[in-house]
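Please read the structure below before turning to the comments.
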Amino acid sequence: MSAPGSRLLTEQGRDVSRVTAEGALGEMTALWRGGLGAGTADWLDAHGWRTDYTAIADLAAALGRRLPSTGSFDGSGFLEARREG
């Protein structure tokens with residue numbers, strides 16, 4: 001029911017469902033719930049939206065920034081969708 005030209009922007013993180021809950025990290029990971037899921041772009045594309053994905057590493061490079069050397073950023077980025085019509 002979104003008007004043509006509407007935009008939706010979301011952050012897409014890596015799958016954290018298998019992160020080990022230990023110590024202080026366990027307190028934080030207990031707060032993580034669901035999300036839109038890996039099929040979000042496909043669903044939006046099938047329902048009248050045009051989606052683009054920008055990996056966080058590509059965005060950082062475009063801004064002249066470096067990502068921290070610790071941690072994994074694979075699968076992390078931003079999804080932008082525009083309602084066609």
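Ser76 OG to Leu67 CG: the interatomic distance, rounded to the nearest 0.5 Å, is 9.0 Å. Atom CH2 of residue Trp49 and atom OG of residue Ser2 lie 4.0 Å apart, to the nearest 0.5 angstrom. The CZ atom of Arg83 sits 9.0 Å away from the NE2 atom of His47 when rounded to the nearest 0.5 Å. Rounding to the nearest 0.5 angstrom, the gap separating the OG1 atom in Thr51 from the CG atom in Asp45 is 3.5 Å. Note that OH of Tyr53 is 5.0 Å distant from CD of Gln12, once rounded to the nearest 0.5 Å.
Cluster membership check: Ile56 shares its hydrophobic cluster with Leu63, using side-chain heavy-atom separations under 4.5 Å among Ile, Leu, Val, Met, Phe, Trp and Tyr.
Of the charged side-chain nitrogens involved, at least one lies within less than 4.0 Å of a carboxylate oxygen, so that Arg82 and Glu80 count as a salt-bridged pair.
The shortest non-hydrogen separation linking Gly85 to Pro4 is CA-CB, 3.9 Å.
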Is there a side chain to side chain contact (heavy atoms under 4.5 Å, CB included) between Phe78 and Leu59? Walk through the geometry before answering. CA-CA 9 Å; Phe78 300 92; Leu59 179 60; 3.6 Å; yes
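Side chains of Leu44 and Leu79 form a contact here, defined as non-hydrogen atoms less than 4.5 Å apart.
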